[in-house]
Amino acid sequence: HVHRDVAGERASTRFEAELAPTPDGWHVVGVLWQPGRIEFALDGQLIGTVDEAQMVPDTPMYLIVNLALGGSAGDVDSSAMPQQLHVDYVRVWQQETS
């Protein structure tokens with residue numbers, strides 16, 4: 001998800017992907033944030049790109065890793081509970097500017 005305030009209105013862009021089993025049970029999620037463009041990848045495969053100027057932030061941001069349920073996404077199916085989100089690690093790199 002990319003969430004922004006565009007002209008005083010909330011806006012978002014969302015991508016979904018099917019999770020195929022992996023040999024070790026873990027998935028790698030990647031985000032490449034460049035000026036004017038954000039690319040999202042799952043297990044090395046590009047799943048979505050945001051390149052609308054008003055949706056790509058150009059100010060410092062922060063990373064949220066969570067298992068969000070409900071809210072504007074809709075009702076939660078309580079029969080599917082409990083759920084878990086296991087995160088092994090998070091890495092962040094910043095490219096050097098030349």
Side-chain angles (χ1 to χ4, degrees):
H1 252 111
V2 175
H3 300 283
R4 288 298 310 254
D5 177 40
V6 177
E9 298 289 325
R10 291 174 58 179
S12 68
T13 300
R14 172 177 125 172
F15 299 102
E16 294 184 18
E18 293 292 324
L19 290 175
T22 61
D24 61 3
W26 292 96
H27 295 280
V28 176
V29 177
V31 179
L32 178 58
W33 178 12
Q34 307 171 72
R37 183 181 186 88
I38 304 173
E39 296 177 353
F40 295 88
L42 177 65
D43 296 330
Q45 299 295 312
L46 182 67
I47 61 169
T49 300
V50 176
D51 55 10
E52 302 163 52
Q54 73 270 17
M55 290 301 295
V56 180
D58 60 359
T59 57
M61 303 296 283
Y62 54 92
L63 192 63
I64 299 174
V65 179
N66 69 1
L67 183 59
L69 302 171
S72 61
D75 295 333
V76 176
D77 178 0
S78 61
S79 68
M81 296 300 141
Q83 291 291 316
Q84 297 179 0
L85 174 65
H86 297 274
V87 178
D88 189 28
Y89 59 87
V90 175
R91 288 188 199 158
V92 178
W93 287 275
Q94 181 172 344
Q95 291 180 323
E96 292 185 31
T97 57
S98 53

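Along the sequence shown, residues are numbered consecutively beginning with 1.
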Does any pair with a residue in residues 45-57 pass side-chain hydrogen bond (donor to acceptor under 3.5 Å, both in side chains), and if so which ones, sequence neighbours excluded?
none
Could you pull out every donor-acceptor pair under 3.5 Å between side chains of residues 58-68 and any protein atom, sequence neighbours left out?
none

Among all residues two or more places apart in sequence or in another chain, which pass the side chain to side chain donor-acceptor pair (under 3.5 Å) test with E39?
R37
Between side-chain atoms of residues 76-83 and protein atoms elsewhere (two or more places apart, or another chain), which donor-acceptor pairs fall under 3.5 Å?
residue : atom : partner : partner atom : Å
D77     : OD1  : S79     : N            : 3.0
D77     : OD1  : S79     : OG           : 2.5
D77     : OD2  : S79     : OG           : 3.2
Q83     : NE2  : A80     : O            : 2.5

Do you know which two heavy atoms are closest between F40 and V2, and how far apart they sit?
CZ-CG2, 3.5 Å
Taken in chain and number order and not counting sequence neighbours, the residues that satisfy side-chain contact (heavy atoms from CB on, under 4.5 Å) with E9 are none
Anything under 3.5 Å between a donor and an acceptor, one on a side chain of residues 18-35, the other on a protein residue two or more places apart or in another chain? List them.
residue : atom : partner : partner atom : Å
T22     : OG1  : D24     : OD1          : 3.3
T22     : OG1  : G25     : N            : 3.0
T22     : OG1  : W26     : N            : 3.0
T22     : OG1  : W26     : O            : 2.8
D24     : OD1  : W26     : N            : 3.0
H27     : ND1  : D43     : OD2          : 2.7
W33     : NE1  : P57     : O            : 3.2

Distance-minimising heavy-atom pair for D5 and R10
OD1-N, 4.4 Å
